[in-house]
Amino acid sequence: MSGVPARITYREACRQAIRAAILADPRVFLMGEDVGRYGGCYAVTKGLLEELGEERIRDTPLSESAFVGAGIGAAMAGMRPIVEVMTCNFSLLALDQIVNNAATIPHMSGGQFAVPLVLRMATGAGRQLAAQHSHSLEGWFAHIPGLRILAPATVEDARHMLAPALADPNPVLIFEHIMLYNMEGELDPAVQGVDIAKARIRRPGRDVTLITYGGSLFKTLAAADALAVEGIQAEVIDLRVLRPLDTATIIESITRTRRVVIVDEGWRSGSLSAEVAMRIVEEAFFELDAPIRRVCSREVPIPYAAHLEQAALPQAEAIAAAARGLVRPAR
Amino acid sequence: MPSLGADMEAGTLVEWKVAPGDRVRRGDIVAVVETQKGAIEIEIFEAGVVRELAVAPGSRVPVGALLALVGTEGAMQTPAPAAVAPIGPQPAVSLPSASPPPAPQPLAGARPLRTTPAARRRAGALGIALDGLRGTGVDGAICLADLPAGAPPRRGGFDPLGMRKAIAAAMGRSKREIPHYYLSQTVDLAPALERIERLNAGRSPPERLLPAAIMLRAAALAVAETPELNGFWGEDGFRPGDGVHVGWAVALRGGGLVAPAIRHADRMPLDALMTAMRDLVARARGGGLRGSELTDATITVTSLGDRGAESVLPIIHPPQVAILGFGRIVERPWVVGGTVVPRRVATLTLAGDHRASDGHRGGLLLARIDALLQRPETL
Amino acid sequence: MTRDETVALVADILSGIAPEADLSALPGDADLREALDLDSMDIVNFVAALHERTGRPIPEADTPKLLTLDGVVAYFEADAR
């Protein structure tokens, strides 16, 4: 590998991560619907079957409950499976396996069984896939003790979060936003790994903290750019890890900026954004110099029509407007 | 003009906070009066409508003289003096009257005062008064940017000469009239201080507790169990207090001191007590004590702090009948389980009025405070 | 923060606690409690205000480092590095 940062797509970063993990450890294999011959429904695994063979890249029948359950069994038996679920919408068919088995077995066996399973799935809207393929359900899974929930938003996280996820003895769910796969970013060869515990400040600022993750990160950074033109310095936090939440980074930031907007493509009611807001109120109420604001998806099934779909999702203008309203309220 | 201390003869009206026609409720601040203890906010003890302001700002008014007339509900035609509380049984069931009293109206021009949590905390810590500030935050809230950058605006600071005279009069009377007895006990403070340190470890600076808070809490709880030491001595003998309202002695910069009351201190958890202490200190030094705070105290507690002497033989503030003193916390050899170890201790003292109680009672109070401080997790 | 910034901040905070304080006449190593007659409540408020104004966490155990002007300057210099 050269020492010069390479520009690659998020998709390519995911592919490199899977390939490296399989080459590094004979216990690691990938399975899921259309991951082999078809190359993955988002083309993440293109070419891996040819290179690594059927033992390591396994196509499964269209039964999420069956192959997620098989992954849990393989993990308990000592393997390190990476299971791909096409989209988080379909993960509901495997909810019993994920919530009742994967998340509970280490606990109910008194630690006798580990479940070192990694479950990857696509999430989010923006490609006109309509209401059954566009939802953001990571906030639901972040409710469940026993799971670690990751939301890589950058090329670096997409490339490096998989290895520590596989090393974790407990099940880890990785949510990849569908609009990120085509995004390009620089991958610094000097960075050989990342943590899966902490949030990151992606842009420092002093006037307001914008908290987000996953597919909304770049919209939020765009909003911060627009705000900077107006003289408002917004700090952008990428949560990265949705469970367990890194509240220390959030609180530290708010102690400096005292204003916060939470951006979440999930719906607002009973959401991850609600949890983040409540943690702030519990732990940093007296640091706040303004009400907490949220920018979330409209509370509708995500529409098919392109203009309606865009109108339903958090957008940079709405994020900037929310932040502006806190820093420079109308008099 | 209310009496704001046994030796107050007159006060100067500085400012009216109400105007004729304003509706007032019990506890509302209606005026600011300059006394020897600084500018004091005067509360009203009756609900009604202000009919007439009898005194202009700047006037010196003797204690007991009329300040204003307030019409009470149902007696709007016959103005009643302001400071008289209604006495007598209330009917168990009130019959609907022909003309129901109008719903309370907000004062003309008054808007609900909104303050952000951060601004409220900083204002509290620095003793900045919020009323009068203009809110420029979200929904018109007062936010950090609206607070004055430097010194808080000080309202009518106390007059040092006047205060000296007030202290001289009160303490002179105390030493002439009150047969003091004095008791002292050295208290192991290690458990209480360790608890404070544990609590403080996870807290940001504005939320931290002072050792004085836990001492005051223990003292208030113990006083609640010793009613003979909590109250007033008057012409008819001892009258117990209607609660444990601890006068917290606050030294003022440049000399003098004042001991405003923390009402029902025995019912306040540690954090609330610390907040009340901060607030009192800020207002005692920056102006803005309320009249009731100067008269309600049923016992006084003085803490000498970390630069004070090791113990104090305090003088009772009449008409109260007891005062407790905490000396500086010092490290001393102490016997624990037969071994001499270095230990953080403080000397706790009590001065009691022998007309109202005996030393035995006083000794029990000190022992009770000691016992409570040895089990700080219950405080 | 630079020394000048820190001294200005300390002066501003102390003007709310001890209005008559004149920092320019104060040696950098003088104990603020002695020099300005500050009690423990004043010190708590001073530390709280330093935290509020800088946003930096200040553990309680660090309070003794903040009792002289030099100490405060060193504390926030070290923090910046």
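Quick note on labels: first sequence line is chain A, next is B, and so on, each numbered from 1. Computed over heavy atoms, backbone and side chain alike; hydrogens, waters and symmetry mates excluded.
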Would you find more than 12 non-hydrogen atoms of other residues, nucleotides or ligands less than 6.0 Å from [X] atom [atom1]?
X      : atom1 : result
A:F286 : CZ    : no
A:R298 : CZ    : no
A:R268 : CZ    : no
A:W267 : CH2   : yes

Can you name the nearest heavy-atom pair linking A:P329 to B:G137, along with the distance?
->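 Looking at all heavy atoms of both residues, the closest pair is CG-C, 3.5 Å.
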
Between A:R259 and B:V138, is any pair of side-chain heavy atoms under 4.5 Å apart?
->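 No, their side chains stay 4.5 Å or more apart.
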
Answer whether the closest heavy-atom distance between the side chains of B:T116 and A:L288 falls below 4.5 Å.
->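 SC-SC contact between B:T116 and A:L288 ruled out.
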
Side chain from CB out, backbone as N, CA, C, O: work out which of these in B:A141 comes under 4.5 Å of a heavy atom of chain A, or both, or neither.
->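 No part of it gets close to chain A.
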
With only heavy atoms counted, which part of B:S204 is less than 4.5 Å from chain A, the side chain, the backbone, both or neither?
->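 For B:S204, the contact with chain A is made by the side chain alone.
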
What residues form a salt bridge (charged side-chain N to carboxylate O under 4.0 Å, His left out) with B:R121, not counting sequence neighbours?
->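 Listed in chain order: A:E287, B:E207, C:E52.
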
Salt bridge (charged side-chain N to carboxylate O under 4.0 Å, His left out) against B:R344, all qualifying residues, sequence neighbours excluded =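 Here the qualifying residues are B:E197.
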
What pairs with A:Q310 under side-chain hydrogen bond (donor to acceptor under 3.5 Å, both in side chains), at least two apart in sequence or on another chain?
->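 Only A:Q315 meet the side-chain hydrogen bond (donor to acceptor under 3.5 Å, both in side chains) criterion with A:Q310.
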
Can you name the residues of residues 292-308 of chain B that have some heavy atom under 4.5 Å away from a heavy atom in chain A?
->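 The stretch does not come within 4.5 Å of chain A.
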
Measure from the side-chain N and O atoms of A:D289 to the backbone N and O of B:L144, and report whether any donor-acceptor pair falls under 3.5 Å.
->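 Indeed, once roles are kept as given, a pair shorter than 3.5 Å links the two residues.
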
